Amino acid sequence: MWRVGLVFGAVASFVSLAGLVEALHGRWVVDGVLSTGQVLLLAIPMASGWTAARRSSGSLAARVGAGLVAGATVGLCVGLLVWLRSQVDLRGMFVNASPALFQLLSGGRPPQAAWPAAVAAGGVMGLVGAAGACAPARVTRPLLVGASAALSLALFQELVLLVLQPESLAPVRDWLFVAGGGPTAQGMAAVLTLSAALAALRHASRGRAGRLALPPRAQRMAWSVVGVLLLAALPVAGGPFLAQVLVIVGLYTLMGLGLNLEVGLAGLLDLGFVAFFAIGAYTVGLLTSVGEHGIAHWSFWAAVPVAVLVSLIAGVILGIPVLGIRGDYLAIATLGFGEIVRLLVLSDALRPWLGGSQGVLAIPKPVLAGFEFSGPQHLYYLTVVASAVVAYVAWRLQDSRLGRAWMAIREDEDVAEALGINLVSVKLLAYGLGAAFAGVGGAIFAVMVGSVFPHSFQLLISIQVLALIIVGGMGSIPGVMVGSAVLIGLPELLREFGEFRFLVYGAVLVAMMLLRPEGLLPAAAQRRELRAVEEEPVELARAAVGAATEGGG
Amino acid sequence: MALLELVDLHVYYGNIHALKGVSLHVEAGEIVALLGANGAGKSTTLKTVSGLLRPRSGSVRLEGEDLTRTPPHRIVERGVVQVPEGRRVFGQLTVLENLEMGAFTRTDPQGVREDLERVFSLFPRLKERAGQVAGTLSGGEQQMLAIGRALMARPRALLMDEPSMGLAPLLVEQIFDAIQEINRQGTTILLVEQNAYMALQVAHRGYVLQTGEVVLSGPAEQLRENPEVKRAYLGG
């Protein structure tokens, strides 16, 4: 248990020295009382206590004791850090080891007096965590939901303030927020209790027959209507900034859906996927630009189908040489392809046509029946419609014959071939269609930025698209959307902490692979592989078999 | 005319001469066993028939028509289907989904339903486990699934690669019973086996391969009595 504490203590020291705690300290949870930085610091011993209590298998007292020790160990680590800093100059090594940070860590006490307080605070939080691990879900779940809601409000307070900008909403705003500052205590308490109460209600009603009078189909309809209304209202309520973030999420969703065909369904690892995004963007750029590199001055709508087609052909062209290679080798080959495309558009040799590092400029915004999609709020709708169309196509593909063939080659290429699947055409279709989806994203990206440059198409984008598929759940379409909202949307919204983006990113990826390797919203096959077999699919299949044999007899 | 005919096949893995002029034929309705030690070229022969390997010279003929240049998926469509060595079911898919994958080349849903029923009556265990993930089946059940999956393509000629490998004796019996039943229902079978005893029990005829060449052939009962075969493969 003290080992658990040491691990979490190391985490606490690390996020402190990396500067994350101090950066978050600037954002109030309750104005003047509690900051998100402090919440992070307190959450670490709590998580430590929770983990230790979860791991120890003894009496209740033993588990609570384990939590206490684990939490106190975290406190001790922080106390040691404070003491260490009084002895040596940490700032020489850690730029972020600022006086303000240690003011926060020691609670203003002198270094010698800091550690008992830190141990005590850690122990208390460890106890809280252990209590959470021992208490039944109907107690902890609502509390967890309440705390997450409150914390989300604190983290995204600027966004909420943006939504509450109109004068008509001023009373709400003033009740929730201190003028020019963080949330008020009453507002936070209200959010916490309200969401906790809702979660408790939901938990209580779960499993009760007919918890809602509506049949499942109608319920689904109702949820879809709510979802569509929400999607339509978001940019209007959230303003251009939110719309911009959502457009980017949408573009990554488009790419994710494309890569999902290749990696998620067909099992063809592709690390150069950004190439197709670039090809879509450049095609639209060249065809529509009114600047020096424009070749056709077409409208956006005429250029998009061409961009999709060109991307598709590029996908097939990539596919042909790599048909015979698998696994790691395929990853390296596609990685090379991504770089080739980026270097080609960057090259001086092609500068007269593609603009080299200057890129293609002056790409006009799309105009539809006299309406110009100028700002992000307009482009948002374009992105949503495009994503919806592509998601629909992907969904239909998934359950098609082709989708089945992809799944078969993902599982075992040799057997798939022995069962009569034409590997060549099936693989090329995966590359081509995946690339076409990314091409749609690239087309929108071109008009969003109004210009395309080679350095917009870094390797990092390919990696992010792959990461969002993995986090969302391989082979799952809703997973792609959730993945891109979590991995792309959240960091964009929290730009303020931009320098810690990849710290959190990496931590999230590692944690995901340890805790939920199948992704947030996994596809059925992945869930089956990585989790114990559940009863439900068996029943479904029984029904299917029954139907099949009845039909045959 | 023979259903399947292999004429003077030469197959290479790089520089290694794996098949040195193998010729054999399988008549419609037969079970033909292909025997031999490890590395004799049994699996290579099957892979060449199903198009997964290309011969350097010689030909594979299905009812007199040359298959040597036909891609594997077309060969499946023509009714020559392989049960791969080591079972290799799709571990993440359910039993039912595996069987459906076997019918990938089919375009007659009605016939597929009939064949599904046929597979389930041949292997009732598979029906019981239809919703179960194939990776969680026992070895014997996986072998049944692999055979069932191949049957879903409604093959005229079924190529089986070591169906008894790694199975308990009781299960081996069951599998060979199923092989005979499949054959009685009208499917021609070319069977590669290390378990020569069992193979010669069910087969009509047999060929013995040795380092890429056919060294012996004849009716199964004759091979069973052959002193060479007895010594080398039957342990007596």
Side-chain angles (χ1 to χ4, degrees), chain A residues 264-265 267 323-324 398-427 474-475 518 522-553, chain B residues 46-47 50-52 71-78 80-84 86-107 109-118 120-121 126-136 146 149-150 152-153 159 161:
Chain A
L265 286 185
L323 271 175
Q398 204 167 37
D399 290 325
S400 70
R401 219 173 117 73
L402 184 58
R404 276 297 173 91
W406 282 336
M407 266 153 72
I409 64 168
R410 177 187 71 198
E411 301 273 314
D412 192 325
E413 225 175 284
D414 302 322
V415 175
E417 191 173 23
L419 291 178
I421 290 167
N422 182 351
L423 288 187
V424 173
S425 66
V426 163
K427 279 188 173 185
M474 282 266 210
E518 74 274 33
Q526 254 67 29
R527 198 167 45 231
R528 275 190 233 131
E529 187 197 9
L530 292 162
R531 298 283 164 193
V533 189
E534 286 149 30
E535 285 306 304
E536 171 204 42
V538 178
E539 291 308 314
L540 279 177
R542 285 248 169 81
V545 172
T549 40
E550 272 159 39
Chain B
L46 283 200
K47 282 187 182 144
S50 52
L52 299 173
H73 65 276
R74 294 254 177 269
I75 294 181
V76 175
E77 284 167 22
R78 302 284 292 276
V80 179
V81 182
Q82 185 173 355
V83 183
R87 309 186 270 278
R88 293 176 78 165
V89 295
F90 297 118
Q92 289 183 37
L93 303 187
T94 64
V95 169
L96 185 64
E97 284 166 344
N98 265 279
L99 292 173
E100 284 169 359
M101 280 311 308
F104 186 80
T105 55
R106 303 278 295 273
T107 47
Q110 181 61 35
V112 171
R113 272 196 295 273
E114 283 166 23
D115 284 349
L116 186 62
E117 206 183 351
R118 178 175 152 222
F120 281 148
S121 67
L126 293 184
K127 186 167 186 174
E128 286 164 30
R129 315 216 156 199
Q132 194 170 324
V133 183
T136 64
R149 185 177 60 188
M152 292 300 291
L159 315 175
D161 201 348

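So that the names make sense, note that chain A is the first sequence line, chain B the second, and so on, each numbered from 1. Since the model is a prediction, treat every value here as computed from it, not as a measurement.
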(message) For B:Val89 versus B:Ala134, what's the shortest heavy-atom pair and its separation?
(response) CG2-CB, 3.8 Å
(message) Within the 4.5 Å heavy-atom criterion, are A:Gln398 and A:Met407 side-chain neighbours or not?
(response) no
(message) Using 0.5 Å steps for rounding, measure from the CG atom of A:Leu402 to the CZ atom of A:Arg404.
(response) 12.5 Å
(message) I'd like to verify something: which residue of B:Pro109, B:Ser50, B:Pro72, B:Pro71 has the highest number of heavy-atom pairs under 4.5 Å with chain A?
(response) B:Pro72
(message) Using side-chain heavy atoms (C-beta onward) and a distance below 4.5 Å, is A:Leu323 in contact with A:Val424?
(response) yes
(message) Please classify the contact of B:Pro84 with chain A as side chain, backbone, both or neither, using a heavy-atom distance under 4.5 Å.
(response) side chain
(request) Answer with side chain, backbone, both or neither: which region of B:Arg78 has an atom nearer than 4.5 Å to a non-hydrogen atom of chain A? (result) neither
(request) Please determine, among B:Arg88, B:Gln82, B:Glu77, the option with the most heavy-atom pairs under 4.5 Å with chain A. (result) B:Arg88
